[in-house]
Number of protein chains: 2
Amino acid sequence: MADSAVTRSTYNEIAELAQVSKATVSRVFNGDPRVHPDRVSAVMKAAKKIGYRPNRAAIALSTGRTGLIAVVIDDEISALSDPFWGMVTSGVSRVLMENNMQTLLMVAPLDDDDGAVSHYLDSNEVDGAIFAQVHKEGLVRKLAGKGLPVVVIGTPSAESRDIHFVDTNNVAGGFMGTNHLFKIGCKNIATITGDVEASAGLHRLRGYEQAHKENGVKVNKNLIAYGNYSYESAKILMLRLLASNPDIDGVFAANDVMALAAINAIEERGKRVPDDIAVVGFDDTMLSQASRPSLTTVKQDIPGLGAAAAESMMQLLSGQKPDSRILSTELIIRESA
Amino acid sequence: MADSAVTRSTYNEIAELAQVSKATVSRVFNGDPRVHPDRVSAVMKAAKKIGYRPNRAAIALSTGRTGLIAVVIDDEISALSDPFWGMVTSGVSRVLMENNMQTLLMVAPLDDDDGAVSHYLDSNEVDGAIFAQVHKEGLVRKLAGKGLPVVVIGTPSAESRDIHFVDTNNVAGGFMGTNHLFKIGCKNIATITGDVEASAGLHRLRGYEQAHKENGVKVNKNLIAYGNYSYESAKILMLRLLASNPDIDGVFAANDVMALAAINAIEERGKRVPDDIAVVGFDDTMLSQASRPSLTTVKQDIPGLGAAAAESMMQLLSGQKPDSRILSTELIIRESA
DNA sequence: CTGCCCCGTGAAACCGATTTCAACTTCTGT
DNA sequence: ACAGAAGTTGAAATCGGTTTCACGGGGCAG
């Protein structure tokens with residue numbers, strides 16, 4: 001049973017103290033305009049006197065709403081070690097708190113449509129779910145299909161466009177970064193992609209291709225290296241690129257970490273950045289200012305992405321149908337390109 | 001009212017299907033050994049058939065336990081942009097999920113003993129709270145005093161030692177890093193501290209001092225610069241140190257980010273790392289491998305810290321009185337020292 | 001003056017579980 | 001064969017709110 005605390009504060013106590021019924025107490029707290037002002041103040045006073053705190057479990061039981069929004073981070077590669085997701089989450093959390101909701105964090109692999117996360121989410125424990133880093137859309141589709149309000153961070157595949165999402169304009173970002181390399185005179189621009197199974201990686205690659213088209217240059221498939229956002233992957237790929245394509249004079253990396261790895265590999269092979277090879281990253285994390293040479297990079301508003309997702313969620317919960325939002329990017333020019 | 005879903009699964013439905021009472025259904029799900037095996041299997045079968053999912057709100061209401069543990073991150077400076085806290089949180093989350101509990105993330109300033117976080121936490125919404133990055137202990141003490149199970153990540157001040165905590169052995173870490181600088185021949189070792197208002201920063205400084213004592217060198221107060229873990233603070237401080245103490249030949253920075261800033265400042269002043277000045281960091285984050293020169297640093301087990309906190313919490317919840325845990329550190333030698 | 005409606009209110013049902021308590025079987029010992 | 005113990009079970013109370021529904025009183029039209 002509950003607690004044996006000294007001050008158990010319930011509607012019953014308030015009702016007794018204020019000489020009204022539980023029903024009236026409930027009406028007062030829910031702002032029912034029909035209650036007589038005198039009772040309202042009596043209830044308020046009584047509530048204050050006994051230090052009333054609502055019991056969320058009871059509210060959840062009777063209303064069916066828990067006040068909880070799940071933030072689900074796909075943990076194939078421990079995602080929270082990348083500051084990106086922490087920052088996204090803090091953006092989500094801030095907006096949810098402003099709306100008097102709480103953030104339930106779930107870091108778990110999403111490959112299983114029927115795993116622990118799935119069970120938890122589809123049994124009304126949360127009022128909605130925000131998904132990050134979605135590789136497989138099965139679970140998301142299933143939950144959205146069951147009527148759970150869902151917002152995805154990133155762009156879902158074409159057949160899931162009925163799902164609400166927010167994303168950075170990664171195509172524009174990829175274009176921006178690559179185009180800058182063209183503008184400063186690069187002729188042979190390689191790219192190290194992110195995980196192209198998810199939208200962000202794929203879209204940045206599309207932007208890279210678009211910049212080629214716009215500059216009248218044909219994409220050389222040998223200059224596309226498929227990475228996964230990790231330092232290690234990028235270092236190996238960059239070394240390989242340098243070996244097979246000695247004339248590379250520019251690199252667009254799909255995040256800052258890989259850009260650093262590329263610089264490291266380039267210098268290891270005795271070339272200089274940006275003099276011999278220019279490098280552009282993506283994200284504008286702390287890394288990009290801290291590295292030497294400092295990194296020219298495509299900046300995205302990371303906490304803003306989380307905040308936008310949370311705002312869309314609030315709209316969904318209030319019955320509106322929010323437009324999916326695409327946040328813009330900005331080129332930050334530093335030393336590396 | 002609740003949902004209008006097709007499959008509303010409750011004990012009532014199971015009871016009806018299995019021809020038993022709600023009470024028996026409850027006993028089965030709670031592993032009461034007195035129930036006849038035949039009924040157990042009947043209930044199980046019925047539950048499976050209708051795809052039963054327990055309603056946590058109802059459980060919370062009747063048992064008083066919510067299955068939620070709050071992870072509270074003090075957000076004076078948006079903490080989640082530092083990968084450290086994300087990694088800690090993911091460690092917490094993993095252990096909690098293994099124990100069938102959920103992680104409620106609260107990123108908010110903790111300076112107010114009576115703010116939103118306080119209200120939320122002291123009204124039985126969560127079964128316990130894990131605090132990270134605690135500057136002011138007022139709220140923690142208040143909640144612990146009210147009987148909420150509390151675990152602190154970091155070492156509380158002396159008068160709060162009744163609060164359970166887990167921490168990295170920062171004194172040993174500071175010693176390790178500084179001692180390494182002595183061992184490779186440094187004579188004038190500066191340090192850039194973390195936030196010394198919290199235990200981690202202070203303890204690393206203590207370790208720095210201890211290493212001096214052990215090496216028979218008197219600490220020179222002019223070589224201690226008080227930073228706050230940020231790149232910006234460290235860069236400014238390092239430039240200042242170099243200006244006033246030209247004979248510095250070693251730097252122990254209280255985290256990797258500041259170590260990078262120090263290197264940047266040093267090279268900006270025309271000196272080389274490690275030849276002129278050796279630099280040691282702390283954390284062994286991705287930064288330390290990625291930087292050039294790569295960073296010699298004191299490694300701590302960051303997700304392990306979160307996991308340890310969660311394990312302590314589980315013990316507290318089961319009525320045990322866990323020992324506070326101090327995790328050890330390890331020196332990772334790379335290029336910078 | 002009567003009938004009707006509206007307003008404000010409280011009693012009671014309800015949300016979905018847990019837990020108490022009493023009752024019913026069945027087994028044991030004598 | 002019968003009292004008492006042991007083992008199972010279900011009815012009902014409970015947790016703390018929300019919501020329905022019915023009722024009493026005041027105002028207004030007929």
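Residue numbers begin at 1 in each chain, while the letters A, B, ... track the order of the sequences.
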Whole-Å distance separating the [atom1] atom of [X] from the [atom2] atom of [N]:
X: B:Arg34; N: C:dT26; atom1: CZ; atom2: P; value: 18 Å
X: A:His36; N: C:dT9; atom1: NE2; atom2: P; value: 7 Å
X: B:Asn12; N: C:dC15; atom1: CG; atom2: P; value: 9 Å
X: B:Glu13; N: C:dG16; atom1: CD; atom2: P; value: 8 Å
X: B:Glu125; N: D:dG17; atom1: CD; atom2: P; value: 10 Å
X: B:Ile59; N: D:dT14; atom1: CD1; atom2: C1'; value: 16 Å
X: B:Tyr52; N: C:dG16; atom1: OH; atom2: C1'; value: 7 Å
X: B:Arg65; N: C:dA17; atom1: CZ; atom2: P; value: 16 Å

[X] side-chain proximity, nearest of [options]:
X: B:Thr63; options: D:dT9, C:dT9, C:dT18; answer: C:dT18
X: A:Asn55; options: C:dA17, D:dG17, C:dT9; answer: D:dG17
X: A:Leu61; options: C:dT9, D:dG16, C:dA17; answer: D:dG16
X: A:Thr10; options: C:dG16, C:dT9, D:dG17; answer: D:dG17

Sequence-distant partners of [X], salt bridge (charged side-chain N to carboxylate O under 4.0 Å, His left out), two or more places apart:
X: A:Lys146; answer: A:Asp122
X: B:Lys45; answer: none
X: B:Lys49; answer: none
X: B:Glu311; answer: B:Arg325

Do any N or O atoms of the protein come closer than 3.5 Å to N or O atoms of nucleotides 22-25 of chain C, and which pairs are they?
none

Under 4.0 Å between a side-chain N/O of A:Arg39 and OP1 or OP2 of C:dG10, yes or no?
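For C:dG10, OP1 or OP2 has a side-chain N or O of A:Arg39 closer than 4.0 Å.
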Within the structure, does a side-chain N or O atom of B:Tyr11 lie under 4.0 Å from either OP1 or OP2 of D:dG10?
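Looking at the OP1 and OP2 atoms of D:dG10, neither is under 4.0 Å from any side-chain N or O of B:Tyr11.
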Residues, nucleotides or ligands: over 12 heavy atoms within 6.0 Å of A:Arg53 CZ:
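Correct, the count exceeds 12.
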Indicate every side-chain donor-acceptor pair of residues 94-108 of chain B with a distance under 3.5 Å to a residue at least two apart or in another chain.
residue, atom, partner, partner atom, Å
B:Arg94, NH1, B:Glu98, OE2, 2.9
B:Asn99, ND2, B:Val95, O, 2.9

Pairing residues for A:Asp323 by the side chain to side chain donor-acceptor pair (under 3.5 Å) criterion, not counting sequence neighbours
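Scan of A:Asp323 (side chain to side chain donor-acceptor pair (under 3.5 Å), adjacent residues dropped) gives none.
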Which residues pass the side chain to side chain donor-acceptor pair (under 3.5 Å) test with A:Asn12, not counting sequence neighbours?
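Applying side chain to side chain donor-acceptor pair (under 3.5 Å) to A:Asn12 gives none.
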Only one of A:His164, A:Met314, A:Met313 passes side chain to side chain contact (heavy atoms under 4.5 Å, CB included) with A:Pro322; say which it is.
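The option that passes is A:His164.
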For DNA chain D, which residues in residues 19-33 of chain A have a heavy atom at a distance below 4.0 Å?
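A:Lys22, A:Ala23, A:Ser26, A:Arg27, A:Asn30, in order of number.
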Spacing of CD1 belonging to A:Ile130 relative to CG belonging to A:Leu316, to within rounding of 0.5 Å:
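Answer for the CD1-CG pair, A:Ile130 versus A:Leu316, is 9.5 Å.
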Going by the ring-ring contact (aromatic ring centres under 6.0 Å, His included) test, which pairs reach into residues 97-124 of chain A, not counting sequence neighbours?
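Listed once each, the pairs would be none.
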All N/O pairs under 3.5 Å across the protein-nucleotides 22-24 of chain D interface:
none

With sequence neighbours excluded, what pairs up with B:Tyr11 under the ring pair (Phe, Tyr, Trp, His ring centres under 6.0 Å) test?
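Per chain and number, B:Tyr11 pairs via ring pair (Phe, Tyr, Trp, His ring centres under 6.0 Å) with B:Phe29, B:Tyr52.
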